[in-house]
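See structure below.
Both backbone and side-chain heavy atoms feed into the values below; hydrogens, waters and symmetry mates do not. Sequence lines set the chain letters: A, B, ... in the order given, protein chains first and strands last, and positions in each chain run from 1. Here the structure is a predicted model, which means the values were calculated and not measured.
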Amino acid sequence: MIARLRASPALSPTFFARPSREVAPDLLGTILVHEVAAGLGTDGLVAGRIVEVEAYDGPQDRASHARAGRTPRTAPMFGPPGHAYVYLVYGLHHCLNVVTGPSDEAGAILLRAAAPVAGIELMRARRSAPHEPDERLAAGPGRLGAAFAIERGLSGADLTAGALRLLPGGTFGAATDRAAIRAGPRIGVAYAGEPWASLPWRFRREGDPSVSR
DNA sequence: ATAGGGATTCTC
DNA sequence: AGAATCCCTATT
């Protein structure tokens with residue numbers, strides 16, 4: 001399993017070069033992999049199947065971090081597709097996004113939850129959650145960040161090549177069928193006002209136990 | 001320089 | 001329901 005994950009080619013930049021709300025549902029079922037080099041304490045490979053995402057658009061989307069235009073923190077959102085945008089929320093949790101659309105047009109997709117497929121004990125150790133069921137270890141954007149050892153230094157990293165990457169869905173096990181995808185409003189964006197707060201830009205696999213609560 | 005607040009999670 | 005906790009962004 002680990003060897004196959006290491007050998008699999010990642011999704012290409014062209015996959016991400018579309019509007020975030022179009023890429024978002026296609027991300028369900030893809031596999032997030034992060035290999036951390038030995039010697040850092042919590043080294044090893046972890047992987048999980050993406051089961052929940054949220055699309056964010058450019059400055060016109062008042063729920064998006066791009067609403068203030070290009071700033072030091074959000075610069076990756078205006079960069080090339082397929083790269084990471086990482087931020088710290090509430091001073092506590094690191095959240096991982098994938099940048100979409102062409103360079104100079106802001107767009108990103110927040111990875112909100114994944115079903116663990118490899119490195120499960122490593123995820124449990126990083127989360128310091130000895131009694132958490134396997135399927136809940138990356139159930140939520142902050143939990144996913146901790147389980148996958150996401151940090152701000154990864155913001156701007158290329159997710160189509162490198163230690164942190166996304167693999168196509170369907171390669172390992174069944175592909176996610178479109179009928180099982182459910183759309184709804186994004187979480188925690190009431191401050192954006194209408195219509196942004198109600199747009200159905202959160203996508204998840206219906207009934208999957210790893211979706212956030 | 002400083003104030004206000006957040007794309008969350010855990011515990012009480 | 002409330003706390004934890006840091007850094008971003010806008011304003012003075």
A:Thr71 vs C:dC8: side-chain N/O to OP1/OP2 distance below 4.0 Å: no
For C:dC6, does either OP1 or OP2 sit under 4.0 Å from a side-chain N or O belonging to A:Arg152? no
Hey, is the side chain of A:Arg112 poking within less than 4.0 Å of OP1 or OP2 on B:dA7, counting only N and O atoms? no
Does B:dT9 have OP1 or OP2 under 4.0 Å away from a side-chain N or O of A:His93? no
What nucleic acid atoms does A:Arg186 come within less than 4.0 Å of, heavy atoms only: base, sugar-phosphate, or nothing? nothing
Starting at CZ of A:Arg213 and ending at P of B:dT9, how long is that distance when rounded to a whole Å? 12 Å
Quick check on C:dC8: is either OP1 or OP2 less than 4.0 Å from any side-chain nitrogen or oxygen of A:Arg67? no
Which is true for A:Gly91 with a 4.0 Å heavy-atom rule: it touches a base, it touches only sugar-phosphate, or it touches nothing? base
Length of the CG-P vector between A:Leu144 and B:dT9, whole Å: 10 Å
Can you give the dot-bracket line for DNA chain B, where a pair is Watson-Crick or G-U wobble with both atom distances under 3.5 Å, crossing pairs use [ ], and | marks a partner on another strand? ||||||.||||.
Centroid distance under 5.5 Å and plane angle under 30°, A:Tyr90 vs C:dA4: no
When clusters are formed by joining ILVMFWY residues with side-chain heavy atoms under 4.5 Å apart, either directly or through shared neighbours, do A:Leu32 and A:Phe16 land in the same one? yes
Electrostatic pair A:Arg186-A:Glu54, nearest N-O below 4.0 angstrom: no
Sugar-phosphate, base or nothing in reach of A:Ser212, heavy atoms under 4.0 Å: nothing
Under 4.0 Å, counting only non-hydrogen atoms across every strand here, what does A:Arg62 touch: a base, just sugar-phosphate, or nothing? nothing
For a quick test of reading the model, state the closest non-hydrogen atom pair linking A:Val53 to A:Ala24 and the distance between them. CG2-O, 3.4 Å
